[in-house]
Colleague: 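Sharing a structure, written as structure tokens. Questions coming.
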Amino acid sequence: MTVMPVTIHYRFSHSFAVLPKQAYLWCTDFSTQDLKLLGYSNAERQVVQVSDDVVLLKDVFYAPSGGVVEKQKLVHLYPDRLSWVSTHIAGPNKHSQFCYEILVETCGCRLNYEALHVEHGKDSLTSDERSRLSDVLCRADLEVWRLLALVMEQELK
């Protein structure tokens with residue numbers, strides 16, 4: 001019997017004190033140093049430009065115990081809409097998808113983030129378990145974007 005993964009939906013918005021186009025360009029300027037920016041010292045990223053508007057990110061995380069986690073994400077860029085979509089094509093959260101859109105605000109811009117997280121290895125979760133997992137994932141992703149916003153604003157000012 002095949003165990004169907006569980007999908008968890010969540011979303012948030014976060015403001016940036018920079019111009020919308022600057023934010024979009026900064027967020028989509030993928031590099032081998034991105035994971036270090038997020039505090040991952042035992043990780044590597046390879047950036048493969050598939051086409052003008054498609055990037056493949058290959059991430060490898062090395063655990064102190066010697067374990068390795070590999071993730072691959074296919075990122076579609078939509079510069080005319082200041083948005084991008086990242087789909088996990090390999091790794092523990094395969095098939096998860098994350099949509100990003102930069103919107104204009106009076107004093108800068110705002111990131112709208114929407115996640116469809118695919119949790120493998122669980123065939124069912126209660127409504128309360130789904131809600132708790134959604135809250136945990138949302139808080140963790142929001143914390144990452146708070147950190148990125150600080151770095152972005154420092155670099156662009």
Side-chain angles (χ1 to χ4, degrees), residues 7-65 67-119 130-157:
T7 57
I8 305 294
H9 299 260
Y10 59 96
R11 65 177 56 129
F12 61 81
S13 289
H14 188 68
S15 295
F16 304 139
V18 299
L19 296 173
K21 184 72 171 181
Q22 287 178 307
Y24 174 80
L25 291 173
W26 190 91
C27 290
T28 58
D29 183 22
F30 302 106
S31 92
T32 58
Q33 298 304 305
D34 291 343
L35 298 175
K36 293 187 183 5
L37 179 70
L38 294 170
Y40 296 108
S41 57
N42 293 335
E44 297 174 358
R45 168 168 279 178
Q46 181 183 2
V47 180
V48 179
Q49 193 74 40
V50 176
S51 70
D52 288 345
D53 55 0
V54 178
V55 177
L56 177 64
L57 303 176
K58 296 180 178 183
D59 298 336
V60 179
F61 300 87
Y62 301 98
S65 63
V68 175
V69 174
E70 296 183 36
K71 297 179 180 183
Q72 290 187 24
K73 302 169 212 165
L74 193 63
V75 181
H76 289 261
L77 305 171
Y78 302 95
D80 56 320
R81 297 190 325 234
L82 301 181
S83 67
W84 65 104
V85 176
S86 175
T87 305
H88 287 235
I89 58 173
N93 302 111
K94 184 177 178 178
H95 303 122
S96 294
Q97 191 168 66
F98 304 90
C99 302
Y100 308 81
E101 185 177 23
I102 304 289
L103 300 172
V104 177
E105 283 195 329
T106 306
C107 296
C109 61
R110 173 172 40 96
L111 170 71
N112 274 356
Y113 177 96
E114 187 165 350
L116 173 67
H117 172 87
V118 178
E119 185 73 23
R130 279 180 187 264
S131 181
R132 280 194 298 276
L133 182 54
S134 176
D135 288 345
V136 166
L137 294 168
C138 189
R139 279 195 305 273
D141 286 351
L142 180 56
E143 192 53 40
V144 166
W145 279 100
R146 286 182 177 141
L147 169 66
L148 291 173
L150 291 172
V151 174
M152 177 196 314
E153 292 165 2
Q154 289 172 354
E155 287 184 10
L156 295 177
K157 286 194 174 184

Colleague: Angle class for the F16/H14 ring planes (parallel below 30°, perpendicular above 60°, tilted otherwise)?
Modeller: perpendicular

Colleague: Hey, are the side chains of I8 and L137 touching, using non-hydrogen atoms and a 4.5 Å cut-off?
Modeller: yes

Colleague: Report the distance from atom OG of S51 to atom NE2 of H76, rounding to the nearest 0.5 Å.
Modeller: 8.0 Å

Colleague: Testing K73, Q46, K71 for side chain to side chain donor-acceptor pair (under 3.5 Å) with D59, which one passes?
Modeller: K73

Colleague: Less than 4.5 Å apart, side chain to side chain, heavy atoms only: is that true for D141 and F12?
Modeller: yes

Colleague: State, to 0.1 Å, how close L77 and Y24 come at their nearest heavy-atom pair, and which atoms those are.
Modeller: CB-OH, 3.5 Å

Colleague: Are side-chain heavy atoms of V118 and N93 found at a separation under 4.5 Å?
Modeller: no

Colleague: Tell me yes or no: between the side chains of D135 and Y10, is some donor less than 3.5 Å from an acceptor?
Modeller: no

Colleague: Using the test ring-ring contact (aromatic ring centres under 6.0 Å, His included), find all partners of Y100 that sit at least two apart in sequence or belong to another chain.
Modeller: W84, Y113, W145

Colleague: Calculate, to the nearest 0.5 Å, the distance between atoms NE2 and CZ belonging to H9 and R11 respectively.
Modeller: 9.0 Å

Colleague: A side-chain contact here means heavy atoms from C-beta on lying under 4.5 Å apart; do V104 and C109 qualify?
Modeller: no

Colleague: Evaluate L35 against Q33 for side-chain contact (heavy atoms from CB on, under 4.5 Å), listing each step before the verdict.
Modeller: CA-CA 6 Å; L35 298 175; Q33 298 304 305; over 6 Å; no

Colleague: Tell me every residue that passes side chain to side chain donor-acceptor pair (under 3.5 Å) with S15, counting only those two or more places apart in sequence or in another chain.
Modeller: E105

Colleague: Considering only heavy atoms from C-beta outward, does the side chain of V85 approach that of L74 to under 4.5 Å?
Modeller: no

Colleague: Side-chain contact, heavy-atom cut-off 4.5 Å: V60 with V68?
Modeller: yes

Colleague: Looking just at side-chain N and O atoms, do E119 and H117 make a donor-acceptor pair shorter than 3.5 Å?
Modeller: yes

Colleague: Counting C-beta onward and ignoring hydrogens, is there a side-chain heavy-atom pair between L56 and I89 closer than 4.5 Å?
Modeller: yes

Colleague: State, yes or no, whether a side-chain contact exists between C27 and M152 at a heavy-atom distance under 4.5 Å.
Modeller: yes

